[in-house]
Number of protein chains: 2
Amino acid sequence: MTDGGAGRAAPRKRADARRNERTLLDAAAAVFVTSGVEAPVRDIAARAGVGVATIYRHFPTRADLIIAVYRHQVEACAEAGPALLAGVASPYAALGRWINLFVDFLVTKHGLAAVLHSDDAGFDTLHAYFLDRLVPVCAHLLEAAAASGEIRSDVDALELMRGVGNLCIGADNDPRYDARRLVDFLIAGLRLPH
Amino acid sequence: MTDGGAGRAAPRKRADARRNERTLLDAAAAVFVTSGVEAPVRDIAARAGVGVATIYRHFPTRADLIIAVYRHQVEACAEAGPALLAGVASPYAALGRWINLFVDFLVTKHGLAAVLHSDDAGFDTLHAYFLDRLVPVCAHLLEAAAASGEIRSDVDALELMRGVGNLCIGADNDPRYDARRLVDFLIAGLRLPH
DNA sequence: CTACGATAGGGAACGTTGTTCCGTTTCGCA
DNA sequence: TGCGAAACGGAACAACGTTCCCTATCGTAG
């Protein structure tokens with residue numbers, strides 16, 4: 001309790017450890033851009049100039065590393081939800097804009113959408129993080145749009161988020177597949193005839 | 001050209017080879033049901049009581065084995081397209097019914113949808129087979145529905161098929177995710193206001 | 001019925017992955 | 001300046017798809 005933090009022990013890590021953690025995050029981000037989020041752990045370690053064990057010391061599993069790399073952007077996306085709802089004309093428009101934000105995030109990260117919905121255990125924490133953080137935001141937008149009578153009221157936020165995420169799989173590096181268009185169709189399909 | 005077949009050599013395979021090919025197909029089908037299409041090759045070999053090399057002799061890659069196992073069902077789906085178009089009231093209804101057929105096929109095969117859209121090379125032939133066989137059928141249905149003014153005319157069949165396939169990923173073994181519903185929304189999103 | 005050559009098979013071996021282990025190095029404090 | 005804990009590196013392990021090579025089997029010609 002001596003530090004102003006969250007009350008946990010927080011035994012300040014050694015300087016080299018903190019330095020390596022930062023180096024690893026940078027290296028991972030760089031490798032993810034060029035080789036996708038499923039890049040071999042060894043590649044990331046090599047890029048950072050450390051051993052593979054160092055990665056696992058800082059990040060219990062690959063999923064945690066991915067979370068750490070993209071945490072800021074996920075948080076930004078989550079926070080954009082209420083802001084859009086407050087600043088845009090209709091809740092449906094806000095929903096559409098927010099979904100676009102999410103899609104833009106996903107399609108610009110090679111393979112992230114794919115790994116996000118892999119049933120491979122070990123990505124469970126990644127899965128859970130994204131869903132825990134974003135589903136409530138989506139649910140809020142859905143409720144508002146349903147309350148205003150713009151969309152049907154039986155749409156489950158979790159289901160929609162997974163659907164949108166799925167639609168983004170393989171959207172990178174293939175010009176014939178435009179995930180944004182399909183997601184727009186999907187969102188349009190939620191509308192009620194007025 | 002001496003035989004009445006397709007004109008290729010077709011030097012009748014040895015009896016044990018034909019027997020093993022059949023055994024392998026049965027074993028693969030059984031393992032796919034219990035462990036999904038990404039089951040280890042060794043498991044399939046063990047189930048069939050053969051060595052792994054035997055699999056690769058008959059099927060150059062895992063993808064070819066998967067194709068062989070599901071070929072009949074894919075063909076049936078492809079052939080159902082024109083039939084639906086002829087027998088159902090509106091082209092849009094036929095499209096919906098046909099997409100439902102495709103979705104039913106995908107969601108009942110553990111992991112098939114996932115592997116179908118994996119960017120992993122080696123599944124390219126699987127990818128190509130499904131698309132080559134089904135996209136033209138889908139395109140035909142889309143054209144008919146667009147011609148009758150029921151849906152927008154700028155929907156690409158390849159894109160739609162990939163989108164639908166993607167929506168089916170992870171649809172098995174998760175009761176909270178109903179791919180059929182989402183696909184229905186997507187198809188509904190193609191409608192033109194009349 | 002037998003022997004032989006081509007065909008097919010089995011399983012060990014290879015290369016690549018994620019992950020863990022352990023001996024060594026480095027840091028931070030007294 | 002020395003020492004214990006923390007962190008490190010890379011070898012080691014396990015699981016996977018795939019290939020290789022030697023052996024067993026099949027089908028046929030004599």
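A, B, ... follow the sequence lines: proteins, then strands. Residue 1 opens every chain.
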Exercise. Return yes if the base of dT25(D) and the side-chain atoms of Arg14(B) contain a donor-acceptor N/O pair under 3.5 Å, otherwise no.
Key: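 Side chain to base: pair present.
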Send over the distance from [X] [atom1] to [N] [atom2], rounded to a whole Å.
X: Arg57(A); N: dG10(D); atom1: CZ; atom2: C1'; answer: 12 Å
X: Arg22(A); N: dA7(D); atom1: CZ; atom2: P; answer: 18 Å
X: Asp64(A); N: dG18(C); atom1: CG; atom2: C1'; answer: 14 Å
X: Ile55(A); N: dA7(D); atom1: CD1; atom2: C1'; answer: 14 Å
X: Leu24(A); N: dA7(D); atom1: CG; atom2: C1'; answer: 12 Å

Quiz item: Which sits closer to the 5' end of DNA chain D, Ala15(B) or Thr61(B), going by the nucleotide each is nearest to?
Solution: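 Its nearest nucleotide lies further toward 5', so the answer is Thr61(B).
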Quiz item: Considering heavy-atom distances to DNA chain D, does Gly51(A) or Asp16(B) have its closest nucleotide positioned more toward the 5' end?
Solution: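 Its nucleotide being nearer the 5' end, the pick is Gly51(A).
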Nearest to the side chain of [X] - [options]?
X: Thr54(B); options: dG18(C), dG10(C), dA8(C); result: dG10(C)
X: Ala53(A); options: dG10(D), dC26(D), dT19(D); result: dG10(D)
X: His58(A); options: dC8(D), dG17(D), dG18(C); result: dC8(D)
X: Arg42(B); options: dC14(C), dT19(C), dC8(D); result: dC14(C)

Quiz item: Leu160(B) and side-chain contact (heavy atoms from CB on, under 4.5 Å): which partner among Leu141(B), Val135(B), Leu190(B)?
Solution: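 So, applying the side-chain contact (heavy atoms from CB on, under 4.5 Å) to Leu160(B) and each of Leu141(B), Val135(B), Leu190(B), only Leu190(B) qualifies.
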Practice problem: Would you mind classifying the nucleic acid contact of Val50(A) as base, sugar-phosphate or nothing, using non-hydrogen atoms under 4.0 angstrom? | Solution: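 Sugar-phosphate, no base atom in range.
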Quiz item: Base, sugar-phosphate alone, or nothing: which one does Ala39(B) contact when heavy atoms must sit under 4.0 Å apart?
Solution: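 Sugar-phosphate only.
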Quiz item: Would a distance-only check, ignoring hydrogens and angles, find a side-chain to backbone donor-acceptor pair under 3.5 Å from Glu159(B) to Asp178(A)?
Solution: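 Between the backbone of Asp178(A) and the side chain of Glu159(B) there is a qualifying donor-acceptor contact (under 3.5 Å).
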Exercise. Measure up the Tyr70(A) and Phe105(A) rings against each other and bin them: parallel (under 30°), tilted (30 to 60°), perpendicular (over 60°).
Key: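 Perpendicular: the ring planes of Tyr70(A) and Phe105(A) meet at over 60°.
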Self-check item: Modelled atom types, side-chain donor and acceptor of Tyr56(A) and Asp64(A), under 3.5 Å
Solution: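 Absent: no donor and acceptor within the cut-off.
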